Amino acid sequence: MHITTWNVNSLKVRLPHVLSWLEANPVDALCLQELKLPDEKFPVAEIAAAGYRSFFLGQKTYNGVAILVKDGLHVDEVDKIHNIPGFDDHQQRLIAVTIEGVRVISAYFPNGQAPGTEKFEYKLRWLAALELWIKDEMVRHPRLALTGDFNIAPDDRDVLDPAKWEGQNLVSPEERAAFFRLIELGLVDSFRKFEQAEKSFSWWDYRMFAFRRNAGARIDMVLLSPLLASICTGCAIDKTPRAWEQPSDHAPVTAILDTAQHLDAKV
DNA sequence: ATGGCTTGCACCGCAAGA
């Protein structure tokens, strides 16, 4: 099973990219963030024509998340979740479905603006609620993938110039501590399970020729429960769509799970 | 250097992203 996360920064603008990327990369689940459109404008038909079912939670202008599931895969209909249970939020930032027994979560973590701001406080509250829910969810779903735009660069390797970033949003000690509390729950950063090129990033600012200079950050991730991590055979960032005309500022990140191996192991 | 791009909204400049 191939699971991808991609912050598309407007699904309306990026739909052609999503469709051509899927044609070349027919993954099983494509988790999207920053749809920036209300549910009534979600391009269900176009995505269905490409062979995918859409599960989505949108809103006007901001946020919005979705999971596109390849036709033929079983999705547990009663098991859908919209936003973090128990966390009262009008921002649409999380959706979860169960695909072939794998709990797949598409999450758009708050940006946080800057430490000390109200938005940063909201980010920390959101992260605390997420941790609480994920802890329970991992008990209910031993096969769990938490994917999305984390808006946290967990390690100094995950930005081009750590000295420039010090103390700022995305790398602050509070955010990194919240990220490592997820890791302490047992989640594995699938990207770091494998040898990767140095200076591997998933987001590059639109400004200052950041992509050309590779002035980026690795903030988009697929975290896996221990059971899924044990059958994960690879994780990669695909930089190609970032170089397309009118791109998203984020690149898709794909984790590969050898689910057949898992089923054999369970017998 | 609080700028630099890109998007959506709603009116032609603003908020928000990371």
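The sequence lines fix the lettering, A, B, ..., with proteins before strands; numbering per chain opens at 1. Predicted model, so just to flag it, every value in this text is computed and none were measured.
- The shortest distance between the side-chain N/O atoms of A:Gln113 and the OP1/OP2 oxygens of B:dT2 is not below 4.0 Å.
- In this structure, A:Arg212 places its CZ atom 14 Å from C1' of B:dG4, rounding to the nearest Å.
- Look at CG on A:Leu32: it is 16 Å from P on B:dT7, rounded to the nearest Å.
- Distance, A:Gln59 CD to B:dC9 C1': 14 Å, rounded to whole Å.
- Residue-level contact check: A:Tyr108 touches the backbone only, with heavy atoms under 4.0 Å from sugar-phosphate atoms and none from bases.
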*Please assess A:Asp149 against A:Trp203 for the test side chain to side chain donor-acceptor pair (under 3.5 Å), listing each intermediate value before the final yes or no.*
CA-CA 9 Å; A:Asp149 173 0; A:Trp203 164 84; over 6 Å; no
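- Residue contacts shown for A:Asn63 are absent, as no nucleic acid heavy atom lies under 4.0 Å away.
- Separating the CZ atom of A:Arg207 from the P atom of B:dG3 is a distance of 11 Å, rounded to the nearest angstrom.
- Ranked by how close their nearest DNA chain B nucleotide is to the 5' end, A:Trp165 and A:Asn9 are led by A:Asn9.
- On the C1' atoms, B:dG3 is 16 Å away from B:dA15, given to the nearest whole Å.
- Residue contacts shown for A:Asn151 are limited to sugar-phosphate atoms, with no base heavy atom under 4.0 Å away.
- Between B:dG8 and A:Ser10, a contact under 4.0 Å exists linking OP1 or OP2 to a side-chain N or O.
- At least one side-chain nitrogen or oxygen of A:Arg14 sits closer than 4.0 Å to the OP1 or OP2 atom of B:dT7.
- Taking the side chain of A:Lys60 as heavy atoms from C-beta on, and the options B:dT7, B:dG17, B:dC9, the nearest nucleotide is B:dC9.
- A side chain to side chain contact (heavy atoms under 4.5 Å, CB included) with A:Ile99 holds for exactly one of A:Asp76, A:Asp79, A:Ile67; it is A:Ile67.
- In this model, the phosphate group of B:dA16 is approached by a side-chain N or O of A:Lys119 to a distance below 4.0 Å at OP1 or OP2.
- Under the 3.5 Å distance criterion, the side-chain polar atoms of A:Asn151 are matched with a main-chain donor or acceptor of A:Phe109.
- Using modelled atom types, one side-chain atom of A:Ser202 and one backbone atom of A:Ile219 make a donor-acceptor pair closer than 3.5 Å.
- Within 4.0 Å (heavy atoms only), A:Leu37 reaches no atom of the nucleic acid at all.
- Going from the P atom of B:dC9 to that of B:dG4 covers 23 Å, rounded to whole Å.
- Within the 4.0 angstrom heavy-atom criterion, only backbone atoms of the sugar-phosphate kind lie near A:Glu34; the bases stay farther away.
- Spacing between atom CE of A:Met208 and atom C1' of B:dG4 amounts to 6 Å, rounded to whole angstrom units.
- The separation of B:dC12 from B:dT7, taken at their C1' atoms, amounts to 16 Å, rounded to a whole angstrom.
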_Evaluation steps, side chain to side chain contact (heavy atoms under 4.5 Å, CB included), between A:Ser200 and A:Phe191_ = CA-CA 10 Å; A:Ser200 288; A:Phe191 189 76; 3.5 Å; yes
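- Among the protein residues, A:Phe209 comes within range of no part of the nucleic acid, since none of its heavy atoms lies under 4.0 Å from any strand.
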